[in-house]
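Some notes on the structure that comes next.
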Amino acid sequence: MSTLPKEIVTPSGTKLELKTLDPGDMLDLIELAGTAMQSASAGPWMGYAQMVCSVTAVDGVPVQMPETKEQIKQLARRIGNDGMIALQATFYPKADKGAAAGKSPADVDMETAKN
């Protein structure tokens, strides 16, 4: 993934301000994941959580980096389904039509988020 934009706008018009998580943030996120890191869903969970934790403001209202799994869930709910879809498009841009089609680690989870 390349550098994140400072801001994205969801299809419904919500503005999400973003930051790239630094190595310290990623270590904190891994620690928060706890037992999730020992399951088969560790990769998708981390990918999804990384997208959520990259959000620093929703419609101009600052949000803190989550410190618990529950806070990650609360922020994900605040971001909403279309926000998560917009984040996925930013983190995992679609390949050129000529390139081989493959699913990103979060594709399966994004299908769940849409429902």
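Along the sequence shown, residues are numbered consecutively beginning with 1.
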Expected list for residues 53-65: side-chain donor-acceptor pairs under 3.5 angstrom, two or more places apart:
residue, atom, partner, partner atom, Å
Ser54, OG, Met51, O, 2.7
Thr56, OG1, Glu17, O, 3.3
Asp59, OD1, Lys15, N, 2.8

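Side chains of Leu87 and Leu18 form a contact here, defined as non-hydrogen atoms less than 4.5 Å apart. Within the 4.5 Å cutoff, side-chain heavy atoms of Tyr48 are placed close to those of Met84. Between Val9 and Thr14, every side-chain heavy-atom pair lies at or beyond the 4.5 Å cut-off. Looking at Trp45 and Lys69, their side chains come closer than 4.5 Å, going by heavy atoms from C-beta outward. Side-chain contact check for Ile72 versus Glu70: every heavy-atom pair is 4.5 Å or farther apart. Looking only at side-chain heavy atoms (C-beta outward), Leu32 and Asp28 stay at 4.5 Å or farther from each other.
In this structure, the side chain of Asp82 does not engage the main chain of Thr10 through any donor-acceptor pair within 3.5 Å.
Taken to the nearest 0.5 Å, the NZ atom of Lys6 stands 8.0 Å off from the OG1 atom of Thr20. Ile8 contributes atom CD1, which lies 4.0 Å from atom OG1 of Thr90 (distance to the nearest 0.5 angstrom). Note that CG of Leu29 is 12.5 Å distant from CD of Glu67, once rounded to the nearest 0.5 Å. Rounded to the nearest 0.5 angstrom, Ile85 CD1 and Asn81 CG are separated by 6.0 Å.
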Gln50 and Leu21: CA distance, side-chain angles, deciding distance, side chain to side chain contact (heavy atoms under 4.5 Å, CB included) verdict: CA-CA 8 Å; Gln50 182 180 6; Leu21 299 182; 3.7 Å; yes
Step-by-step side chain to side chain contact (heavy atoms under 4.5 Å, CB included) determination, Lys19 to Asp25: CA-CA 11 Å; Lys19 76 167 190 164; Asp25 294 330; 3.0 Å; yes
